[in-house]
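Each remark here refers to the structure printed beneath this line.
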Amino acid sequence: MKIIEETPYRFRIAKEGAMRVPGIVYASKALLPEERDDMALTQVANVATLPGIVRASFAMPDIHWGYGFPIGGVAATDIDDGGVISPGGVGFDISCGVRLLVSPDLDSTQLQPRLRAVMDGLDNRIPRGLGRKGVWPLPNRAALERVLAGGARYAVGKGHGVPEDLERCEDGGVLEGADVAEVSARAMERGLEQIGSLGSGNHFLEVQAVDRVYDEATAARMGLADGAVCVMIHTGSRGLGHQICTDHVRRMEAAMKRYGITVPDRQLACVPVRSPEGQAYVGAMNAAANYGRANRQLLTEVTRRVFEAHADTSLRVVYDVSHNLAKFETHDVDGKPRNLCVHRKGATRSLPPGHPDLPADLADVGQPVLIPGTMGTGSYVLAGVPDNPAFDSAAHGAGRVQSRHAAARGEDADVLRSRLEKHGVLVRGRSRRGLAEEKPEAYKDVDEVIETTEQAGLARKVARLIPLGVVKG
DNA sequence: ATGTCC
């Protein structure tokens with residue numbers, strides 16, 4: 001693989017072999033994987049072979065190895081030119097994403113004496129861990145179907161939140177085009193009991209404080225000011241999304257031969273967007289996306305009740321955005337508007353100021369881009385910028401440098417926990433191993449990822465958030 | 001990420 005340094009923050013993987021477009025990796029020298037045959041870089045090149053891909057196979061600064069596509073990968077295909085959709089370009093956790101809440105009147109100093117009570121309240125009320133039941137036991141399949149069709153909007157309609165919440169959600173909290181007929185019985189079974197639960201792995205709910213503001217005017221428009229108390233929720237579509245991915249990958253593997261598609265890795269299973277199998281996946285994926293959005297809405301409400309009871313404050317939604325999703329968007333490519341299927345897998349949509357899909361009150365500042373770091377360091381809020389080169393996308397996190405296995409090896413959960421608490425971060429975990437796997441050292445330097453994101457022209461810094469308490473599966 | 005292989 002030939003890698004060319006084009007700028008201090010952009011590397012090009014030269015087009016060769018079956019690649020239809022080059023690979024573009026936004027990374028500093030420090031973030032670029034060292035080995036030329038690195039698994040994640042190989043995946044960037046593999047994605048560049050997909051039928052209908054335009055411009056480039058992109059990688060965000062937090063790129064690491066994933067299923068088929070790298071995590072931190074962005075790929076757009078032209079749906080009018082045989083472009084494909086690939087579940088590997090979305091990820092198993094369909095519509096996994098981040099929601100940020102902020103208190104309009106409570107700062108971290110005022111919270112401090114009540115923090116322990118808040119964390120205990122969250123510990124008691126946030127369902128989490130593998131396979132756990134959620135806070136909204138749905139009575140039957142019909143009720144779940146309404147969640148899959150209506151997303152966060154349906155949850156709010158049922159009293160789980162207020163209409164203003166939806167104004168600050170990507171797509172108003174619901175994607176059109178969900179097709180419940182393409183969601184298998186097994187996926188429905190898994191989804192029925194888990195709605196309103198956090199999950200495990202890197203999913204978390206954190207109480208945070210604004211530690212630094214880079215652009216006061218923009219931060220103020222997002223409701224953020226120095227010292228403000230925030231809550232960041234990172235979760236997705238749980239077992240339902242996972243099952244949908246499994247089901248449709250299997251179906252596509254069987255179908256792709258009929259479309260004459262060959263891929264360098266069977267994990268890149270894909271079919272034309274405009275095919276029965278493609279449309280089936282799109283319908284199921286949108287259903288899972290709505291489930292993920294409803295899930296974050298429900299956890300928002302639980303969090304609000306805890307803060308009302310123990311900290312006497314309400315919480316407003318700053319923004320809610322998915323970072324595992326394929327979306328249908330129009331972008332100019334070679335000077336012409338094209339209908340694209342934009343896969344973002346571990347990549348956050350990052351809309352520029354003036355974009356019609358922004359909430360009206362944020363139209364002139366750009367989309368809030370929510371990028372969690374680690375539980376020991378910090379997280380960031382950025383804003384979308386004009387002329388984003390990667391189809392309006394940015395990084396989604398710090399990015400792993402150690403595998404889960406490597407991270408857990410030699411790490412004692414109690415030692416980690418007391419280390420974090422010495423740093424002023426209260427920990428409410430469920431699994432000792434799960435906590436160890438998420439230690440800050442398992443991740444890249446989030447400050448470096450953010451700096452690179454900004455220098456690469458993907459988004460600009462608005463505020464840095466530090467953790468005060470973390471709820472983990 | 002995930003009832004980490006029905």
Side-chain angles (χ1 to χ4, degrees), chain A residues 39-40 43 60 62-73 86-99 127-134 137 144 183-205 233-250 253 266-267 269 281 284-285 287-289 291-293 295-296 299 321-326 343-348 372 374-375 396-400 402-409 429-438 442-443 471-473:
Chain A
M39 301 270 277
Q43 290 184 321
M60 301 295 108
D62 53 334
I63 178 180
H64 55 288
W65 178 84
Y67 177 90
F69 280 56
I71 295 160
S86 173
V90 173
F92 272 83
D93 191 4
I94 298 167
S95 199
C96 181
V98 178
R99 176 180 292 214
R128 56 202 195 274
L130 219 50
R132 287 293 294 268
K133 291 184 181 181
L144 177 57
V183 179
S184 69
R186 182 179 294 177
M188 294 291 280
E189 265 171 48
R190 293 178 71 171
L192 210 44
E193 290 195 326
Q194 293 183 330
I195 184 91
S197 65
L198 195 60
S200 59
N202 65 1
H203 289 165
F204 65 79
L205 185 151
I233 301 171
H234 177 210
T235 187
S237 52
R238 309 286 285 104
L240 177 128
H242 191 277
Q243 189 63 49
I244 285 171
C245 183
T246 302
D247 294 339
H248 286 263
V249 163
R250 190 170 303 155
E253 279 174 346
R266 66 175 293 191
Q267 293 186 349
Y281 174 67
M285 175 192 73
Y291 185 96
R293 283 127 184 242
N295 195 25
R296 291 193 287 275
L299 295 178
V321 63
S322 302
H323 53 226
N324 278 10
L325 201 59
H343 300 74
R344 295 189 185 88
K345 187 214 198 152
T348 307
T374 77
M375 52 188 167
H396 89 304
R400 274 197 171 272
Q402 286 179 13
S403 68
R404 297 194 166 281
H405 184 78
R409 191 166 45 217
R430 270 279 183 275
S431 144
R432 293 171 54 83
R433 187 181 169 90
L435 195 66
E437 287 176 350
E438 292 297 315
Y443 287 89
V471 178
K472 292 283 297 176

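Each chain gets a letter, A, B and so on, in the order its sequence line appears, and its residues count up from 1.
- When heavy atoms are screened at a 4.0 angstrom cut-off, A:Gly91 is found touching no nucleic acid atom at all.
- Taking atom CD of residue A:Glu189 and atom P of nucleotide B:dT2, one finds them 18 Å apart after rounding to whole Å.
- Here B:dT2 presents its C1' atom at 10 Å from CD of A:Gln243, a figure rounded to the nearest Å.
- Across the protein-nucleic acid pair, A:Leu130 atom CG and B:dT4 atom C1' stand 8 Å apart, rounded to whole Å.
- Counting any heavy atom pair closer than 4.0 Å across all strands shown, A:Arg400 reaches no nucleic acid atom.
- Whole-Å rounding puts the A:Arg433 CZ to B:dT4 C1' distance at 11 Å.
- Between A:Ser200 and B:dT2 there is a side-chain polar atom (N or O) within less than 4.0 angstrom of OP1 or OP2.
- A:Gly236 comes within 4.0 angstrom of nothing in the nucleic acid, heavy atoms only.
- Rounded to whole Å, the distance from CG on A:Asp93 to P on B:dT2 is 6 Å.
- Rounded to whole Å, atom P of B:dT4 lies 18 Å from atom NE2 of A:His405.
- Atom C1' of nucleotide B:dC5 and atom CZ of A:Arg186 are separated by 11 Å, given to the nearest angstrom.
- With sequence neighbours left out, the ring pair (Phe, Tyr, Trp, His ring centres under 6.0 Å) criterion links A:His323 to A:His234, A:His396.
- Taking atom CG on A:Asp247 and atom P on B:dT2, their separation rounds to 16 Å, with Å as the unit.
- Here A:Glu193 does not pair with A:Arg132 in a salt bridge; the nearest charged N to carboxylate O distance is not below 4.0 Å.
- Residue-level contact check: A:Gln194 touches the backbone only, with heavy atoms under 4.0 Å from sugar-phosphate atoms and none from bases.
- Residues forming a ring pair (Phe, Tyr, Trp, His ring centres under 6.0 Å) with A:Tyr281 (at least two apart in sequence, or on another chain): A:His248.
- Among the candidates A:Glu189, A:Arg238, A:Arg186, the single residue satisfying the side chain to side chain contact (heavy atoms under 4.5 Å, CB included) test with A:Gln243 is A:Arg186.
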